Amino acid sequence: MTDIQELLLSRIRDVADYPEPGVMFKDITPLLADPAAFTALTDTLAEIAERTGATKIVGLEARGFILGAPVAVRADLGFIPVRKAGKLPGATLAQAYDLEYGSAEIEVHAEDLTGDDRILIVDDVLATGGTAEAAIQLIRRAGAEVAGLAVLMELGFLAGRPRLEPALEGAPLEALLVV
């Protein structure tokens with residue numbers, strides 16, 4: 001394990017039985033509260049943005065905003081929020097996706113993305129991959145290219161990576177931690 005991985009992992013708190021019994025929630029708020037850890041995370045994600053040739057960062061609601069916005073600033077790139085349906089004013093492009101029980105929808109202002117853009121999607125956790133897969137589809141429908149997906153933590157036992165690899169079409173999926 002690298003020094004950065006040890007630092008990040010040491011600042012993630014396990015919360016048993018949240019949000020329901022039997023679930024071990026990975027709480028990143030202690031990491032965000034530690035300026036050294038948050039800076040190290042931001043720097044590492046900004047390096048991924050540079051390595052992938054990203055021109056903009058897309059952050060997935062809500063913790064992807066917290067991680068993605070400072071990465072965009074550090075890498076001198078624009079930041080585009082992908083929000084839950086009904087949260088963005090004006091004209092949006094929407095993408096529906098399935099959840100364990102039901103479905104959901106995410107939206108983006110399509111005019112914020114162009115055919116010249118290479119988008120790095122940033123989020124906190126890769127679980128089953130449903131939201132990330134919908135974001136990939138949404139970005140492509142807006143005419144932009146997906147440069148990759150970068151997450152703080154991948155929950156490997158939920159098999160999001162095998163689901164996303166075909167959708168990524170060769171673009172990298174980088175998880176700083178796999179648990």
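Keep in mind that this is a model prediction, so the values were computed, not measured. Sequential numbering from 1 along the given sequence is applied to the chain's residues. All values below were derived from every heavy atom in this structure, side-chain atoms included, with hydrogens, water molecules and symmetry-related copies excluded.
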J.: Would you say L7 ends up clustered with L152 if hydrophobic residues are merged whenever their side chains have heavy atoms under 4.5 Å apart, either directly or through other cluster members?
T.: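 Different hydrophobic clusters.
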J.: With a 4.0 Å cut-off, would you call R118 and E145 a salt bridge?
T.: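 The answer is yes: the pair qualifies as a salt bridge.
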J.: Count the heavy atoms of every other residue, nucleotide or ligand shown that sit under 6.0 Å from OH of Y18, and state whether that count exceeds 12.
T.: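 Not buried by this count: 12 neighbours or fewer within 6.0 Å.
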J.: Within the 4.5 Å heavy-atom criterion, are L126 and L173 side-chain neighbours or not?
T.: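 A side-chain contact under 4.5 Å exists here.
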J.: Which heavy atom of Y97 sits nearest a heavy atom of E105, and at what distance?
T.: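 Where Y97 meets E105 most closely, the heavy atoms are CE2-N, 4.1 Å.
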J.: In this structure, are over 12 heavy atoms from other groups packed under 6.0 Å from D14 atom CG?
T.: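 Yes.
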J.: Are more than 12 heavy atoms, taken from residues, nucleotides or ligands other than D17, located less than 6.0 Å from that residue's CG atom?
T.: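 For D17, atom CG is crowded (more than 12 foreign heavy atoms under 6.0 Å).
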J.: Got a second to check how far L149's CG is from I139's CD1, nearest 0.5 Å?
T.: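 If we round to the nearest 0.5 Å, L149:CG and I139:CD1 are 9.0 Å apart.
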J.: Could you state the interatomic distance from CG (L88) to CG (L93), rounded to the nearest 0.5 Å?
T.: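 One finds 11.0 Å between CG of L88 and CG of L93.
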J.: Where is the tightest heavy-atom contact between G129 and L164, given as atom of each residue plus distance?
T.: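 That would be O-CD2, 3.5 Å.
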J.: Does F38 share a hydrophobic cluster with V71, counting links as ILVMFWY side-chain heavy atoms below 4.5 Å and allowing steps through other members?
T.: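 They do share one cluster, since a chain of ILVMFWY contacts under 4.5 Å joins F38 to V71.
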J.: Checking L67 against L32 for the side-chain contact (heavy atoms from CB on, under 4.5 Å) test, could you report, in this order, the C-alpha distance in whole Å, the side-chain angles of both residues, the deciding distance, and whether it holds?
T.: CA-CA 9 Å; L67 303 184; L32 300 174; 4.0 Å; yes
J.: List the atom of A37, the atom of R11, and the distance in Å for their closest heavy-atom pair.
T.: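 Heavy atoms of A37 and R11 come nearest at CB-CG, 3.8 Å.
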J.: Show your working on side-chain contact (heavy atoms from CB on, under 4.5 Å) between V125 and L155 and close with a plain yes or no.
T.: CA-CA 7 Å; V125 174; L155 305 179; 3.7 Å; yes
J.: Nearest 0.5 Å, please: how far is NZ in K56 from OG1 in T114?
T.: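 Between T114 OG1 and K56 NZ, I get 5.0 Å after rounding to 0.5 Å.
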J.: Indicate whether any N or O donor in one side chain lies under 3.5 Å from an N or O acceptor in the other, for D27 and T29.
T.: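 Judged by distance alone, the side chains do pair up.
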J.: Which heavy atom of E50 sits nearest a heavy atom of A75, and at what distance?
T.: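 Minimum heavy-atom contact is OE2-CA, 4.3 Å.
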J.: Specify the closest pair of heavy atoms between L41 and I4, including all atoms of both residues, with the distance to one decimal.
T.: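 Looking at all heavy atoms of both residues, the shortest contact is N-CD1, 4.3 Å.
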J.: Between E133 and R163, is there a salt bridge with N-O shorter than 4.0 Å?
T.: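 Counted as a salt bridge, because a side-chain N and a carboxylate O are separated by less than 4.0 Å.
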J.: Please round to the nearest 0.5 Å and tell me the distance separating atom CD1 of I28 and atom CZ of R63.
T.: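 Separation between the atoms: 6.0 Å.
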J.: When clusters are formed by joining ILVMFWY residues with side-chain heavy atoms under 4.5 Å apart, either directly or through shared neighbours, do I66 and I80 land in the same one?
T.: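 They do not share one cluster, since no chain of ILVMFWY contacts under 4.5 Å joins I66 to I80.
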J.: Rounded to the nearest 0.5 Å, how far apart are CG of L176 and CD1 of I48?
T.: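 L176 atom CG to I48 atom CD1 measures 5.0 Å (nearest 0.5 Å).
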J.: Counting distance only, does the side-chain N/O of R141 pair as donor-acceptor with the main-chain N or O of A110 below 3.5 Å?
T.: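 Checked: no pair found.
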J.: Are L45 and I57 packed together at the side-chain level, in the sense that at least one heavy-atom pair is separated by less than 4.5 angstrom?
T.: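 The answer is no, as the side chains (C-beta and beyond) never meet within the 4.5 Å cut-off.
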J.: Got a donor-acceptor contact below 3.5 angstrom from the E107 side chain to the G86 backbone?
T.: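 Between the backbone of G86 and the side chain of E107 there is a qualifying donor-acceptor contact (under 3.5 Å).
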J.: State yes or no: do V122 and L60 share one hydrophobic cluster built from I, L, V, M, F, W and Y residues joined by side-chain heavy-atom distances below 4.5 Å, directly or via other members?
T.: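 V122 and L60: separate clusters.
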J.: Please report the interatomic distance NZ(K84) to CD(E61), rounded to the nearest 0.5 Å.
T.: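 K84 NZ to E61 CD: 5.0 Å, rounded to 0.5 Å.
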J.: Considering all heavy atoms of both residues, which atom of A69 and which atom of F79 are nearest to each other, and what is their separation?
T.: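 Closest approach of A69 to F79, heavy atoms only: N-CE1, 3.5 Å.
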J.: What about I121 and V108, same hydrophobic cluster or not, with Ile/Leu/Val/Met/Phe/Trp/Tyr joined at side-chain heavy-atom distances under 4.5 Å?
T.: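 They do share one cluster, since a chain of ILVMFWY contacts under 4.5 Å joins I121 to V108.
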